[in-house]
Student: 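My questions all concern the structure below.
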2 protein chains.
Amino acid sequence: MDYSIEFLTRRLKSKAIRPSYQRIKVLEYVHQKGGHPTADDIFRALSGDIPSLSKVTVYNTLHTFVKAGLLRVVDIDDGEKRYDVTLADHGHFQCEACGTIFNFRVNIDQVPIEGLERFEITQKNVYFKGLCPNCLQPTANGRKEEAR
Amino acid sequence: MDYSIEFLTRRLKSKAIRPSYQRIKVLEYVHQKGGHPTADDIFRALSGDIPSLSKVTVYNTLHTFVKAGLLRVVDIDDGEKRYDVTLADHGHFQCEACGTIFNFRVNIDQVPIEGLERFEITQKNVYFKGLCPNCLQPTANGRKEEAR
DNA sequence: TTCATTTTTGAAACGATTTCAAATTTATAA
DNA sequence: TTATAAATTTGAAATCGTTTCAAAAATGAA
Ligand SMILES: [Mn+2]
Ligand SMILES: [Mn+2]
Ligand SMILES: [Zn+2]
Ligand SMILES: [Zn+2]
């Protein structure tokens with residue numbers, strides 16, 4: 001994929017967000033890294049490149065991006081919020097052993113819903129929990145993988 | 001419904017939880033009040049009856065109840081966790097204007113899922129957001145109801 | 001270059017929850 | 001009943017992600 005500075009700059013400008021160095025770096029990180037990083041993941045990853053970087057800037061930037069629809073919040077974890085570049089509708093599974101968050105395909109619009117006839121729905125989240133294949137796999141000694 | 005001390009005591013004993021005064025009162029509150037109270041809702045409601053009550057006791061008690069399967073956590077709100085006595089599978093809708101959390105019927109097991117073939121699922125949550133009928137209703141002057 | 005606006009920054013505040021150790025209550029054994 | 005151990009409750013302090021705040025720095029317009 002093309003996550004060049006020019007591409008990211010254009011993406012920001014298209015949302016009327018000024019392409020500051022910090023913002024471009026945050027956007028670059030979430031695109032290149034993918035997955036579901038926390039604000040702190042992003043802060044620690046960029047601190048090297050931008051020694052002056054403040055955590056508040058990361059928070060500000062993430063808020064801006066979410067409001068502009070560039071990112072989506074995943075709030076499955078207790079504790080920290082996570083940020084997701086994948087905007088297409090999908091569900092999230094969090095492994096209770098290793099904590100990893102996985103995406104899965106789910107067509108929530110096909111589900112029969114009862115009781116929201118007069119409601120206006122703007123956001124649909126599907127969060128599952130359980131054990132991922134890695135953590136289900138028994139190790140050589142016959143026990144489960146160690147939880148992190 | 002019968003939420004007598006005897007009933008609640010039996011319910012606790014059946015889960016091997018010692019029926020202390022505090023625990024019975026918390027269990028009574030969540031049953032009688034229903035809905036999705038926060039730890040603080042419960043604490044403030046019971047402080048009158050139990051002047052010595054500590055918030056830590058409420059937290060301890062809620063953890064115990066959740067672990068025993070007497071309550072379910074609803075983590076849709078940013079901020080505070082909420083507790084739910086309704087154990088049957090259902091979805092949660094939070095109104096973005098008034099904050100109220102509503103239940104709705106959803107048969108999540110009927111939804112086609114792709115990508116979790118080798119996962120062990122132990123918990124399925126469906127969280128919607130949007131506007132509830134009250135907050136959608138225009139007032140006399142033509143504007144929406146005031147958000148809380 | 002000015003001057004206004006936006007962005008970044010570190011420190012401090014916030015707020016729900018957890019940790020901790022002491023005090024109290026309850027159960028068990030002698 | 002009394003002694004002792006175990007469980008529960010409690011208030012204070014700690015934790016931790018996030019927000020608020022005001023000043024400094026960067027950027028844009030005139
Ligand atoms: Mn995702
Ligand atoms: Mn509910
Ligand atoms: Zn796992
Ligand atoms: Zn509402």
Student: Specify the separation, in whole Å, of atom CZ of Arg44(A) and atom P of dG17(D).
Tutor: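 After rounding, the gap between these two atoms is 10 Å.
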Student: In whole angstrom, what separates Tyr83(A)'s OH from dG17(D)'s P?
Tutor: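 Interatomic distance, OH of Tyr83(A) to P of dG17(D): 12 Å.
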Student: For the pair made of CG in Asp40(B) and C1' in dC14(C), what is the distance, rounded to whole Å?
Tutor: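 Atom CG in Asp40(B) sits about 14 Å away from atom C1' in dC14(C).
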Student: How many Å lie between CG on Asp78(A) and C1' on dT18(D), as a whole number?
Tutor: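 Taking CG of Asp78(A) and C1' of dT18(D), I get 16 Å after rounding.
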Student: Going by heavy atoms in the side chains, are Asn125(A) and Gln123(A) under 4.5 Å from each other?
Tutor: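 A side-chain contact exists here, since the closest heavy-atom pair is under 4.5 Å.
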Student: Have Thr122(B) and Glu96(A) got a donor and an acceptor in their side chains that come within less than 3.5 Å?
Tutor: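 Judged by distance alone, the side chains do pair up.
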Student: What base-paired stems does DNA chain C take part in, with at least 3 consecutive Watson-Crick or G-U wobble pairs and both distances under 3.5 Å?
Tutor: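 DNA chain C stems, ordered by first number: C:1-30 with D:1-30.
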Student: Figure out the NZ/P separation between Lys13(A) and dT27(D), and round it to whole Å.
Tutor: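 For the pair Lys13(A) NZ and dT27(D) P, the rounded distance is 13 Å.
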Student: Within the distance-only criterion (no hydrogens, no angle test), does the side chain of Asp77(A) pair as donor or acceptor with the backbone N or O of Gly79(A) below 3.5 angstrom?
Tutor: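 Checked: no pair found.
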Student: If you compare every side-chain N and O of His63(B) against the phosphate oxygens of dT18(C) (OP1, OP2), does one of them come in below 4.0 Å?
Tutor: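 Looking at the OP1 and OP2 atoms of dT18(C), one of them is under 4.0 Å from a side-chain N or O of His63(B).
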Student: Should the ring pair Tyr3(A) and His31(A) be called parallel, tilted or perpendicular, given that the plane angle runs from 0 to 90° and is split at 30 and 60?
Tutor: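 Plane angle between 30° and 60°, so tilted.
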Student: Could you list all the ring-ring contact (aromatic ring centres under 6.0 Å, His included) pairs where at least one residue sits in residues 86-115 of chain A, not counting sequence neighbours?
Tutor: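 Every pair satisfying ring-ring contact (aromatic ring centres under 6.0 Å, His included) with a residue in residues 86-115 of chain A: His36(A)-His92(A), His90(A)-His92(A), Phe93(A)-Phe119(B), Phe102(A)-Phe119(B), Phe104(A)-Phe128(A).
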Student: I'd like to know if Asp109(B) pairs up with Lys124(B) as an ion pair, taking the criterion as any Lys NZ or Arg NE/NH1/NH2 lying under 4.0 Å from an Asp or Glu carboxylate oxygen.
Tutor: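 Salt bridge: yes.
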Student: Does the protein touch nucleotides 4-14 of chain D at the base, only the backbone, or not at all? Give it as B, S and - per nucleotide, heavy atoms under 4.0 Å.
Tutor: ---SSBBBB--
Student: Applying side chain to side chain donor-acceptor pair (under 3.5 Å), can you list everything that pairs with Glu28(B), at least two apart in sequence or on another chain?
Tutor: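 Testing Glu28(B) for side chain to side chain donor-acceptor pair (under 3.5 Å), a comparison that skips the adjacent residues, returns Lys25(B).
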Student: If a pair satisfies salt bridge (Lys or Arg N to Asp or Glu O under 4.0 Å) and one of its residues is in residues 36-47 of chain B, list it, with sequence neighbours excluded.
Tutor: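 Non-adjacent pairs meeting salt bridge (Lys or Arg N to Asp or Glu O under 4.0 Å): Asp40(B)-Arg44(B), Asp40(B)-Lys55(B), Asp41(B)-Arg44(B).
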Student: Could you state the atom-to-atom distance from OH of Tyr59(A) to C1' of dT19(D) in whole Å?
Tutor: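 From Tyr59(A) OH to dT19(D) C1': 9 Å.
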Student: For Asp77(B) and dT18(D), what is the distance between atoms CG and P respectively, to the nearest whole Å?
Tutor: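 In whole Å, dT18(D) P and Asp77(B) CG are 15 Å from each other.
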Student: To the nearest angstrom, how far is Ile76(B) atom CD1 from dA16(C) atom P?
Tutor: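 Going from CD1 in Ile76(B) over to P in dA16(C) covers 18 Å.
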Student: Could you give all pairs that pass the salt bridge (Lys or Arg N to Asp or Glu O under 4.0 Å) test and reach residues 83-94 of chain B, with sequence neighbours left out?
Tutor: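 Of all non-adjacent pairs touching residues 83-94 of chain B, none passes salt bridge (Lys or Arg N to Asp or Glu O under 4.0 Å).
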